[in-house]
Amino acid sequence: MLRLPVSSTGRRGATLTRYSYGTICHAELAVRVRGMIDEALHALTGDGTLPRAALEMGYTVEKPKDPAHGDLATNIALTLAKPCSRPPRDIAGVLAERLSALAEDDDYIEEIEIAGPGFINFRAGDNYLADVLMGITRGFSGDGWARTDNPRKVLVEFVSANPTGPMLVVNARAAALGDVYCRLLNMTGHWAASEYYVNDAGGQILTLGRSLEARIRQARGEEFPFPGDGYPGDYLVDLASIYIEEMGDLPSPGEEDLWTHLGDWAAVKILAEQRRLLGLYGVEFDSWYHESAVREGAGPEQVIEILRDRGYLYESEEALWLRSTAFGDDKDRVLVKSDGSYTYLLPDLAYHMDKFDRGFDRLINIWGPDHHGYIARMRAGLSALGYPEDNFEVVISQWVRLMSGGHEVSMSKRGGTYVTMEELLEEVGRDAARFFFLMRSASSPLDFDLDLAKEQSNENPVYYAQYAHARISGILSGAAERGVEVPGPGDMDRQSLAPLGHATERALIRRLADFPGEIVGAAQSLEPHRLAAYVLDVAAHFHSFYTECRVLGDDARLTRARLHLCRASARVIAEILGILGVTAPSQM
RNA sequence: GCGCCUAUAGCUCAGUCGGAUUAGAGCACCGGCCUCCGGAGCCGGGAGCGCAGGUUCGAGUCCUGCUAGGCGCACCA
């Protein structure tokens, strides 16, 4: 019963942050339309046509679900109906008239219409479609495709698996998520760093040491009982023989020292292995922060000092308590146990305070579902320390069940009762593993279909997306073989792209126009699964286009335009897959 | 018992800030499409918002209650 954690309390950040885009796209078009609407509103309230209250109403500008409703639509007339005491369509008529006048000067908006209960629809023309394509092929991912006007310094902490055993499938899910969060935030103008918190202190290290001692003694043929609360996995048997090989005999001093020594030694080995595996998975952390360093530093004492000054500490039954109930926690929490040692919470608070002290103003932690009960006390503790609670976010990465043949896979090849991350990677490979994890929202428990992930066929979503990219590569090299020049990013203009008029071509371009906006949407909501869905949809649009339209044909102008469309499509697919950490092969 | 999460098609899941007489994919099932650039592809076909109320111009989306499942409720980490 392998269950692995993934996600979510997410969905904060409903801020009014604005983004500027590196290229003309759907989101940029929406910014322009919003500007036109605001201008129209000011004019109409200025001359008394509409009451001043109209300026206060919120409204949306978004892409309609039905393409027949144009490229963008606004509900402004509907929201104004009540404050203006006029029917929505009536208001829409007044607005649309003014907007149409403004659109005369706009290069892109070609048509404005009133529809349904009072929506105002905007349709963009050929200039827009051509500029979208040119913008995509000319853009540089290094510059980012979008930039926030409110950059934050973000620390994303994830995986942070205990160094007491191999990483499991849940850790792979968290690793994929955190890695993508950082990339998304950095791509949209924030400054994000990844960090791994190494829990290399506390009782678990002693337990690890005791477990290793038993394995070492057993390896030497002694009758030695394995501790009841020890770590039973085979990996410690392996580590025992490595220990004997590297270190020779066990040291002889007091038992406490022995266990600490063995525990530390094993933790270092296990940590190195975790790091190696994460590297294979394509996840590199910017920093590794050790709990032992936190405990050795002044942080925990400072936390106590600050909390005492602020009046949130009290002693009871010889323990030191945090009055976390003052900040919405269910019950107060012990910080220092009656035996004088720290609970996990105290150094953890010190650690998070240190994150803020290092200059980060937004902390994102990815935790497993078994830790969700810990969120309230952590948040309460940080509030008690005086930090705004909104700057601390926890994404719960929900459980993963590995499925094969319609059944849950629970037995490891190595005989344990879990499946390790390493086994998963050996089984399905990095691309499939990452894509499958990122395909679903972090907050929903995942049934990971091993059979499907291994399948090298059209049924496998990751292959579907990659195939589109490889197919385009094939077309481009095919062009070269036939002596057809593939136009470069700057070689095309509105005129030369005019031949693109087929329904599948226009649908594909419009979907490509969503590109930078999709990145921003995923970054703001911390929902990479939107990008997985998007890249699959772009691939689908490309395949449709490909089936309907021959790229390398007799008409040289049309061929050039379509080759350009191919390039733009490949670019978008590669960019999105790149964000997800999945390769975009040129052949497969 | 208290708290949090989840409930959408036979299965696995999307559904953005509450929007448009038809709620979307994929898998599975059925039927079409290769003289031609990669058929790992394309086109077409059925069925669904757990239950009951409420809010409103408008609800899968928000509120209340109920039902079912998951997780959490340590002087563990």
Side-chain angles (χ1 to χ4, degrees), chain A residues 3 5 7-9 11 14 58-60 62-66 68-69 73 75 78 81-82 87-88 115-119 121 162 164 199 201-205 207 291 316-321 330-331 333-339 341-345 348 368-376 396 398-399 403 406 439-441 443-447 449 452 455-461 463-464 466-468 470-479 481-482 484 504 521-522 524-525 527 529-530 532-533 536-537 539-540 542-548 550-553 559 562 566 587-588:
Chain A
R3 301 223 152 182
S7 180
S8 154
T9 36
R11 276 290 161 134
Y59 63 91
T60 61
E62 57 192 7
K63 182 180 177 176
K65 283 176 189 161
D66 185 347
H69 294 135
N75 66 350
L78 276 65
K82 184 170 280 185
F119 288 99
N121 297 335
N162 286 335
T164 54
N199 297 111
Q204 57 183 343
I205 295 298
T207 302
E291 182 186 350
S316 174
E317 300 169 57
E318 297 183 20
L320 189 61
W321 294 72
D330 295 358
K331 56 183 72 169
R333 306 292 172 176
V334 171
L335 292 181
V336 181
K337 305 182 211 170
S338 52
D339 67 1
S341 64
Y342 299 154
T343 60
Y344 184 78
L345 182 59
D348 213 13
D370 51 333
H371 282 77
H372 101 248
Y374 192 72
I375 299 173
I396 296 295
Q398 278 295 346
W399 299 113
M403 309 295 286
M439 210 163 42
R440 299 275 142 69
S441 85
S443 60
S444 64
L446 174 65
D447 280 340
D449 188 335
L452 182 60
E455 191 141 353
Q456 309 212 350
S457 78
N458 56 340
E459 294 174 16
N460 188 337
Y463 280 93
Y464 182 84
Q466 290 179 318
Y467 177 66
R471 198 177 214 185
I472 295 171
S473 298
I475 295 168
L476 297 180
S477 57
E481 284 167 17
R482 293 161 190 243
V484 176
T504 58
Q524 280 187 308
S525 61
E527 292 178 334
H529 72 272
R530 292 198 201 180
L536 289 175
D537 200 42
F542 178 80
H543 288 313
S544 290
F545 151 70
Y546 176 88
T547 302
E548 294 290 323
R550 186 171 177 83
V551 177
L552 303 175
T559 293
R562 284 180 172 167
C566 286
Q587 54 183 4
M588 47 194 293

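- Base orientation for C27(B): anti, the chi torsion being more than 90° from 0.
- One finds a side-chain N or O of Lys331(A) lying less than 4.0 angstrom from the OP1 or OP2 phosphate oxygen of A74(B).
- You'll find that the side chain of Pro64(A) is closest to A20(B), out of G38(B), G19(B), A20(B).
- Spacing of P atoms, A52(B) relative to U61(B), comes out at 13 Å, to the nearest Å.
- The residue Ala73(A) sits close to a base: some heavy atom pair falls under 4.0 Å.
- Distance noted for atom C1' between U55(B) and C13(B): 30 Å (whole Å).
- Residue Ser338(A) places its side chain closer to C75(B) than to any other of G15(B), A20(B), C75(B).
- Side-chain atoms of Leu78(A) and Tyr59(A), non-hydrogen and from C-beta on, never get closer than 4.5 Å to each other.
- Considering only side-chain atoms of Ser441(A), the nucleotide from C17(B), A14(B), C75(B) that sits closest is A14(B).
- At the heavy-atom level, Ala81(A) lies nowhere under 4.0 Å from the strands shown.
- No contact: Ala376(A) has no heavy atom under 4.0 Å from any strand.
- Taking only side-chain nitrogens and oxygens, Tyr464(A) comes nearer than 4.0 Å to OP1 or OP2 of C42(B).
- Counting to the nearest Å, the C1' atom of A20(B) and the CG atom of Asn121(A) are 9 Å from each other.
- Contact annotation: His543(A) does not reach the phosphate of A40(B) (side-chain N/O to OP1 or OP2, under 4.0 Å).
- Lacking a ring centre under 5.5 Å from that of the base six-membered ring together with a plane angle below 30°, His529(A) does not count as stacked on A14(B).
- You cannot call Phe119(A) stacked on the base of G19(B); the centres under 5.5 Å and planes under 30° rule is not satisfied.
- Spacing between atom CG of Asp447(A) and atom P of U6(B) amounts to 17 Å, rounded to whole angstrom units.
- Taking atom P in both U22(B) and G60(B), the straight-line distance is 13 Å, to the nearest Å.
- Straight-line distance from the CD1 atom of Ile475(A) to the C1' atom of C37(B): 6 Å, rounded to whole Å.
- Between the side chain of Asn199(A) and the main chain of Asn162(A), no donor-acceptor pair closer than 3.5 Å is present.
- Of the candidate nucleotides C75(B), A20(B), A77(B), A77(B) has the atom nearest to the side chain of Glu291(A).
- Distance Asp330(A) CG to C73(B) C1': 7 Å, rounded to the nearest Å.
- In terms of modelled atom types and a separation under 3.5 Å, the side chain of Thr559(A) and the main chain of Gly553(A) share a donor-acceptor contact.
- Within 4.0 Å of Thr343(A), counting heavy atoms only, lie sugar-phosphate atoms of the nucleic acid but no base atom.
- Atoms CG (Asp449(A)) and C1' (A25(B)) sit 16 Å apart, rounded to a whole Å.
- Among the protein residues, Glu317(A) comes within range of the nucleic acid bases, having at least one heavy atom under 4.0 Å from a base atom.
- Helical stems in RNA chain B, defined as runs of 3 or more consecutive Watson-Crick or G-U wobble pairs with both donor-acceptor distances under 3.5 Å, are listed by first residue as B:1-7 with B:67-73, B:10-13 with B:24-27, B:29-33 with B:41-45, B:50-54 with B:62-66.
- Heavy atoms of Asn162(A) sit under 4.0 angstrom from primed sugar atoms or phosphate atoms, though from no base atom.
- The separation of U67(B) from A28(B), taken at their C1' atoms, amounts to 30 Å, rounded to a whole angstrom.
- The residue Gly478(A) sits apart from the nucleic acid: no heavy atom pair falls under 4.0 Å.
- Distance from the side chain of Arg440(A) is smallest for C13(B) among the nucleotides C75(B), C13(B), A40(B).
- Thr504(A) places none of its side-chain heavy atoms less than 4.5 Å from the side chain of Tyr546(A).
- Annotation: C11(B) and G46(B) have their C1' atoms spaced 15 Å apart (nearest Å).
- Side-chain atoms of Thr343(A) come within 3.5 Å of backbone N or O of Val334(A) as a donor-acceptor pair.
- Per the geometry, CD belonging to Glu62(A) stands 13 Å off C1' belonging to U61(B), to the nearest Å.
- For the C1' atoms, the distance linking G1(B) with C63(B) amounts to 24 Å, nearest Å.
- Judged as a salt bridge (charged side-chain N to carboxylate O under 4.0 Å, His left out), and not counting sequence neighbours, the contacts of Arg333(A) are Asp329(A).
- As judged by a 4.0 angstrom heavy-atom cut-off over every strand, Leu335(A) is placed among residues making no nucleic acid contact.
- Applying the salt bridge (charged side-chain N to carboxylate O under 4.0 Å, His left out) rule to Asp537(A) yields the partners Arg511(A); only residues at least two apart in sequence or on another chain are considered.
- Distance OH (Tyr374(A)) to C1' (C4(B)): 17 Å, rounded to an integer number of Å.
- Checking the phosphate oxygens (OP1, OP2) of A74(B), no side-chain nitrogen or oxygen of Lys337(A) falls inside 4.0 Å.
- Separating the CG atom in Asn75(A) from the OG1 atom in Thr60(A) is a distance of 3.5 Å, to the nearest 0.5 Å.
- Between Leu452(A) and Pro461(A), some side-chain heavy-atom pair lies under the 4.5 Å cut-off.
- For the atom pair CD (Glu291(A)) and CD1 (Ile205(A)), the distance works out to 8.5 Å, reported to the nearest 0.5 Å.
- Using a 4.0 Å heavy-atom distance criterion, Gln466(A) is classed as making no nucleic acid contact.
- At the phosphate of G41(B), neither OP1 nor OP2 sits under 4.0 Å from any side-chain N or O atom of Ser544(A).
- Contacts of Met588(A) with the nucleic acid, taken as non-hydrogen atoms under 4.0 Å apart, include base atoms.
- Contact annotation for Ala201(A): backbone-only contact, meaning every heavy-atom pair under 4.0 Å involves sugar-phosphate atoms and none involves a base.
- Here Ala115(A) lies in heavy-atom contact (under 4.0 Å) with a base.
- Taking the P atoms as reference points, G38(B) lies 38 Å from U12(B), given to the whole Å.
- Of the P atoms belonging to C43(B) and G3(B), the separation is 50 Å, rounded to the nearest Å.
- Remark: P of U35(B) and CZ of Arg550(A) are 12 Å apart, rounded to the nearest angstrom.
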